[in-house]
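Following: one structure in structure tokens, then a few remarks.
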Protein chains: 2
Amino acid sequence: MTLANASLPQFPMRVVVRRTGLNASLLRAWERRYGAVEPGRSEGGQRLYSEADIQKLVLLKELVDEGHNISQVAGREMGQLRLLLRQNGRHSARRTHEGATPSTGEVDGGAAAQEDVATRFLEVCVDAAREMDTEVLESQLNRAAMALNPSTLVDRVLVPFLNRVGLLWAEGELGPASEHVASAVIRRFLDWLLGTLSPEGNAPVALVGTPAGHRHEFGALLASVVIAGEGWRVVSLGPDLPASEIARAAARKNAGLVALSALYPREDPHLPGELRGLRRLLQAPVPIVVGGPAAAPFADLLRADGIDFLADLAELRERAREELPHSKAF
Amino acid sequence: MTLANASLPQFPMRVVVRRTGLNASLLRAWERRYGAVEPGRSEGGQRLYSEADIQKLVLLKELVDEGHNISQVAGREMGQLRLLLRQNGRHSARRTHEGATPSTGEVDGGAAAQEDVATRFLEVCVDAAREMDTEVLESQLNRAAMALNPSTLVDRVLVPFLNRVGLLWAEGELGPASEHVASAVIRRFLDWLLGTLSPEGNAPVALVGTPAGHRHEFGALLASVVIAGEGWRVVSLGPDLPASEIARAAARKNAGLVALSALYPREDPHLPGELRGLRRLLQAPVPIVVGGPAAAPFADLLRADGIDFLADLAELRERAREELPHSKAF
DNA sequence: CAATCATGTGCAAAGAATGTACAGGGAGTG
DNA sequence: CACTCCCTGTACATTCTTTGCACATGATTG
């Protein structure tokens, strides 16, 4: 899902063998017996694998090496495979997951199916929030995490869900209690997701938080998840921090990226000054990015000061990937 | 802990063997003879364990290592198992294969020792917070949770730690960033602890939150942990809730206890009115308890209205135990 | 003390799961 | 054309699991 043309069939067998470490017979066996991938064919009938195929095969190999049955994992989607891998990888019994449908379930339905699944999750989550049913909400979120890949999860479920909850609250359809309860569940879930997506070793550090005066932290949490998903080790500073503090933390943590989220006081007049101050305090050329509606009006102003405004999480995702010092393959 | 999809059968035997340290024969014996777990099956009939199964097996192994009879514990639910483990105090014999310690290996290996350990943890945690070292902080908290029983953990580590951090912050020794980072870790930890201590089945529900105007939520979180530890299913409403909302939630959840924490605006003049309102709105004779310095001045006033002020978490613990409608034994 | 439980472990035969090899025939390419 | 790579289909070998039963050891009980 990285490259735009990830699904273009183009790699012949030998490339796949080299890149996955699986031998040719085995690749054919996995395809025939478990439908692990479905490579295209050349005119003459030879297999042509896509980048996505290769990625999936790599994940499958890792899972099999960890002890999973190929028959059990071959049919699953990328998102599930990644989560499984992470959970199992930290073989701690700390986190769990839960599933509804047995393995025989859906084959790679493609992006359209994912969308569909995503909106269904969204609806159920909203209902659960309305009913203040934390357990259903939590289990739905988890199920969504299993069924979707991380970016779809964030873009199609979490963000819309938070918006909907905010809306319903503003309209008085949702009492503050429901809203709080839902928030708590979401926050815990995001914390968990952050932990799950965080890279293991010593990845470069990204600082995430909200500027002084901004106390809404969900934007920052989502940003953390996105950034962690791209391979950064995220240090979550929390909300409402003065520039000096952020700078201090950046120095101490030797941060390679600072991301801030400004949601609520909409046209906060202090915001540009605050950010400029931060820019000045960060001696090293650490990139600073800001997102959120409160920052939008100042986009140009900020850019002039070397602070980039990002319109949405997709931009953030891309930026996080670009800034990653050590852009490894796959 | 909770997150949640623990019931998807997917792990083959060998993974379970590796992760639990139990051998295959024994797993089958426990299943056959005591119904310890009921793994799903693959099409070919091979066992597929869920994450929940694995967790249960891990707990069973620990209990057996501590001297419990497998036949006595195999059939119990997760919540009971956790409780049992905690009761046995620090499961110091964590890694030992031999069931060396007989069942009599009694609890308090000396309260004094626990105290000692607790203060050591406290010191390390404070240092970690000062250094903004989330990883050390987190791991120390986890270790403390393992080493101490829940009440010691809360009374001798968590509460003093929060106090210390607050103090250092007030004195300017700790920057807001450090404070926030520490808070985030603590909150996550408390969330986890809450999940761990929560009983499984359908225990009676306790509502926990803070009254309108009170936005500091750690008191409520600690209260949640304490109450959950006594066997309630806690619904955490979050901070800053008007009486009407709390009442609505109580009705909806059929709460058997409402606990509120009021920390900050110290002598909040609205507090008694707010609570009286709540008392009025709760038609059923649901007990309401309040804690925290902000409520202390009104203790007598409130008591006259049928709302009990509790001076500390120990009192809360006792009260929670008393109020528990004595349901099932174990 | 003897009989009985409780519980961990060992074994054999049958079946599953899965990696690999081989044969005969095209495909791709210079 | 020659040479290598790849395709399909089939067969095999190996390693895991499963079931059922037996056994050893230690604790409990009559």
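Per chain, numbering begins at 1; letters A, B, ... match sequence-line order.
Atom CD in A/Gln46 sits roughly 5 Å away from atom C1' in C/dA27 (whole-Å rounding). Straight-line distance from the CG atom of A/Leu63 to the P atom of C/dT18: 13 Å, rounded to whole Å. In this entry the distance linking CD1 of A/Ile70 with P of C/dA17 reads 13 Å, nearest Å. Following rounding to the nearest Å, B/Leu60 (CG) and C/dA6 (P) show an atom-to-atom distance of 17 Å. Nucleotide C/dG19 holds its C1' atom 13 Å from the CG atom of A/Asp65, rounded to whole Å. At whole-Å resolution of the value, CG in A/Leu22 and C1' in C/dT18 are 13 Å apart. We find that CD of A/Glu31 is positioned 14 Å from P of D/dC6, with the value rounded to whole Å. Put simply, CD on B/Glu43 is 17 Å from C1' on D/dT18, counting in whole angstrom units.
You'll find the side chain of A/Leu48 stays beyond 4.5 Å of the side chain of A/Pro39, heavy atoms only. Considering only heavy atoms from C-beta on, A/Ser50 comes within 4.5 Å of A/Asp53 through its side chain. Put simply, the side chain of B/Arg317 reaches to within 4.5 Å of the side chain of B/Asp155, judged on heavy atoms.
At most 12 heavy atoms of other shown residues, nucleotides or ligands fall within 6.0 angstrom of atom CG in A/Asn202.
Checking the phosphate oxygens (OP1, OP2) of D/dT19, a side-chain nitrogen or oxygen of B/Arg41 falls inside 4.0 Å. Here A/Asn23 does not reach the OP1 or OP2 of C/dG19: none of its side-chain N or O atoms lies under 4.0 Å away. Close to D/dC6, at under 4.0 Å from its OP1 or OP2, lies no side-chain N or O of A/Arg28. At the phosphate of C/dA27, neither OP1 nor OP2 sits under 4.0 Å from any side-chain N or O atom of A/Ser42. Between A/Tyr34 and C/dA17 there is no side-chain polar atom (N or O) within less than 4.0 angstrom of OP1 or OP2. A sub-4.0 Å separation between OP1 or OP2 of C/dT18 and a side-chain N or O of A/Asn69 is present.
Partner B/Ser224 forms a side chain to side chain contact (heavy atoms under 4.5 Å, CB included) with one of B/Leu190, B/Leu193, B/Val234 and no other, that one being B/Val234.
Taking the side chain of B/Trp30 as heavy atoms from C-beta on, and the options C/dA17, C/dG8, C/dG10, the nearest nucleotide is C/dG8.
Residue contacts for A/Arg14: at a heavy-atom cut-off of 4.0 Å it reaches the sugar-phosphate backbone alone, with no base atom in range.
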Pair A/Arg47, A/Arg41 - check side-chain contact (heavy atoms from CB on, under 4.5 Å), show working. CA-CA 5 Å; A/Arg47 269 164 262 252; A/Arg41 295 295 178 137; 3.3 Å; yes
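Looking at B/Arg18 and A/Glu66, no side-chain N of the basic residue comes within less than 4.0 Å of a carboxylate O on the acidic one, giving no salt bridge.
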Tabulate protein N/O versus nucleotide N/O from nucleotides 10-12 of chain D, keeping only pairs under 3.5 Å, one per line.
none

